[in-house]
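What's counted below: heavy atoms across the whole structure, side chains too, no hydrogens, waters or symmetry copies. Numbered from 1 within each chain, the chains take letters A, B, ... in sequence-line order.
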There are 2 protein chains.
Amino acid sequence: MDNIKISKTKKVLKGERLLSFGDIAKFAHKVESGCLKSYVIDNTGKEHILQFAPEGWLIGDMDSSTNKKPSVVFIDAIEDSEVSFIPTSFFEDFHSIEKGLLTEMSIKLRNNLIATNKRIISLLSATAKERYIEFTQTYPTLVQRLPLKLIASYIGITPEYLSDLRRKIAKQK
Amino acid sequence: MDNIKISKTKKVLKGERLLSFGDIAKFAHKVESGCLKSYVIDNTGKEHILQFAPEGWLIGDMDSSTNKKPSVVFIDAIEDSEVSFIPTSFFEDFHSIEKGLLTEMSIKLRNNLIATNKRIISLLSATAKERYIEFTQTYPTLVQRLPLKLIASYIGITPEYLSDLRRKIAKQK
DNA sequence: AGGAAAAATTAAGGTAGCTTAAGAAATGAG
DNA sequence: CTCATTTCTTAAGCTACCTTAATTTTTCCT
């Protein structure tokens, strides 16, 4: 959260892991520079990206940190990054949080929920092509910055099929 | 929210609509009895269910009510229900909300976000069969109560294909 | 600059899940 | 109880998207 100054920032290199499957998340992270991703790995070994976190974004596993459960997600740096570590104990008990901060948190939770719901709508009701176009419109800066295979993973298709789609989209112009 | 007593409850009949595409949501709803659904309709005219709200649940379109946008979702009663109407003005400005209620809301937002994230994981990384089994385990009472075609819509498949899956699941026992 | 690694493309063949359509079963209204 | 409506099932043919694998292009490292 913007108000939390208690955490030091740390440099992490591309490829470094901040949370692993099975861990109980002790920190959330605010990205100061660079970019992180959170993702799951399915039965067949394939990676599915839940979130990208470029500068200014928060990332973590709320289920693990809130409920002290082993995490089902991984969090890795996908660029060299500077990241602050926010102890999850900090917002464990909402009752003990000062009102201003709680308000700020609620707004973030609400916005996050709205965004997450949009993604569900998209996954349920749009084709792969539509989801790709939507992604490029919603996150134009990420499109320029991230490998296509990560974008494919985020929108729920294979890199090969995304490549096909891009060719078709380019052709029809 | 549990604390909000200001809203009267109203009976709504199966099939009645509480929110339509294009409306700006003026109310959220707490279901006292019965069941509601929220859903979108895609380009091809197909319905995709975002949420079921049986007794005790809240339902609404947060994006529309927060941002005063025309809604992209519909909310209908799927059983005869008793529903309370919570004016969205009530939680429009988080700063003006009393601390206890804000805490309660934050916890609900957080839990909702955790659940919503699980659904994204499921949509990205599980097969239709796995999603169906997951649904029956997560919402056993809804499975007994709802038409299968609504469950199919929620997990993102057609009723015909769900029927196939159920036959295969039954056979392999 | 040069070689290795990562990312992207292309193409052929495959499958999960969809479409259409028709019939059977269950539910509901009068 | 009966007719109408909704739900569920079955099956055949189809398509969006996947798998595998090979090639090209780009990026990265020293």
Side-chain angles (χ1 to χ4, degrees), chain A residues 13-16 34-35 37 39 41-49 52 76-81 122-136 142-172, chain B residues 13-16 34-35 37 39 41-49 52 76-81 122-136 142-172:
Chain A
L13 294 177
K14 177 172 172 171
E16 265 188 73
C35 193
K37 65 177 175 183
Y39 61 99
I41 296 184
D42 71 21
N43 301 330
T44 73
K46 266 202 307 205
E47 175 178 322
H48 304 275
I49 294 183
F52 296 115
D76 291 2
I78 53 183
E79 297 175 358
D80 294 345
S81 306
S122 178
L123 286 170
L124 287 174
S125 69
T127 62
K129 185 175 167 184
E130 289 165 342
R131 295 201 302 277
Y132 171 64
I133 291 171
E134 206 174 295
F135 185 93
T136 61
L142 289 182
V143 172
Q144 307 194 12
R145 188 168 161 182
L146 299 178
L148 289 170
K149 65 171 195 167
L150 295 186
I151 294 170
S153 170
Y154 183 92
I155 64 178
I157 64 176
T158 60
E160 293 82 1
Y161 189 53
L162 177 54
S163 190
D164 279 0
L165 289 177
R166 283 162 49 82
R167 183 163 23 133
K168 281 176 201 153
I169 291 168
K171 214 178 289 179
Q172 82 190 18
Chain B
L13 294 177
K14 178 172 172 171
E16 265 187 74
C35 193
K37 66 177 175 183
Y39 60 101
I41 296 184
D42 71 20
N43 300 331
T44 74
K46 268 203 304 206
E47 174 178 321
H48 304 275
I49 294 184
F52 296 115
D76 291 3
I78 53 182
E79 299 174 358
D80 293 347
S81 306
S122 178
L123 286 169
L124 286 175
S125 69
T127 62
K129 185 176 170 185
E130 291 165 341
R131 295 202 301 277
Y132 171 63
I133 291 171
E134 206 175 295
F135 186 92
T136 62
L142 289 182
V143 173
Q144 308 194 10
R145 189 167 160 183
L146 300 178
L148 289 171
K149 64 171 194 164
L150 294 186
I151 294 170
S153 170
Y154 183 92
I155 64 178
I157 63 176
T158 61
E160 294 82 1
Y161 188 54
L162 177 54
S163 190
D164 279 1
L165 288 178
R166 284 162 49 82
R167 181 163 24 130
K168 282 176 200 154
I169 291 169
K171 214 179 290 179
Q172 81 189 19

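Contact between A/I169 and A/Y132 at its shortest, heavy atoms only, is CD1-CD2, 3.8 Å. The two residues B/R166 and B/L148 come nearest to each other via the heavy atoms NE-CD1, 3.4 Å.
With contacts defined as side-chain heavy-atom distances shorter than 4.5 Å, the pair A/R145/A/E79 qualifies. Contact of the A/N43 side chain with the B/E130 side chain is registered, since non-hydrogen atoms from C-beta on lie closer than 4.5 Å.
Put simply, CG on A/L150 and CD on A/E47 are 7.0 Å apart, with the number rounded to the nearest 0.5 Å. Taking CG of A/L123 as the reference point, atom CD1 of A/I155 lies at 9.5 Å (rounded to 0.5 Å). From A/K46, atom NZ reaches atom CG of B/L124 across 11.0 Å, with rounding to the nearest 0.5 Å.
Listed for the B/S122 side chain is no donor-acceptor partner under 3.5 Å among the backbone atoms of B/R131. A donor-acceptor pair under 3.5 Å links the side-chain atoms of B/D80 to the main chain of B/K14, judged by distance alone. Between the side chain of A/S125 and the main chain of B/D42, no donor-acceptor pair closer than 3.5 Å is present.
Aromatic ring pairs are classed by plane angle as parallel below 30°, tilted from 30° to 60° and perpendicular above 60°; the pair B/F135 and B/F52 is perpendicular.
The shortest distance between the side-chain N/O atoms of B/R166 and the OP1/OP2 oxygens of D/dC8 is not below 4.0 Å. In this structure, B/R167 does not reach the D/dC8 phosphate: none of its side-chain N or O atoms is under 4.0 Å from OP1 or OP2.
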Any chance you could list the contact pattern along nucleotides 24-30 of chain C? Use B for base contacts, S for sugar-phosphate-only contacts and - for none, protein heavy atoms under 4.0 Å, 5' to 3'. -------

Generate the contact string for nucleotides 16-22 of chain D. Rules: B means base contact, S means sugar-phosphate contact only, - means no protein heavy atom under 4.0 Å. SBSBBB-

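Protein atom NZ of A/K171 is 11 Å distant from nucleotide atom C1' of C/dT10, rounded to whole Å. Distance A/E79 CD to C/dA6 P: 17 Å, rounded to the nearest Å. The nearest whole Å value for the distance from the CG atom in B/L123 to the C1' atom in C/dG17 is 14 Å.
Against DNA chain C, the stretch residues 144-154 of chain A makes heavy-atom approaches under 4.0 Å through A/P147, A/L148, A/K149.
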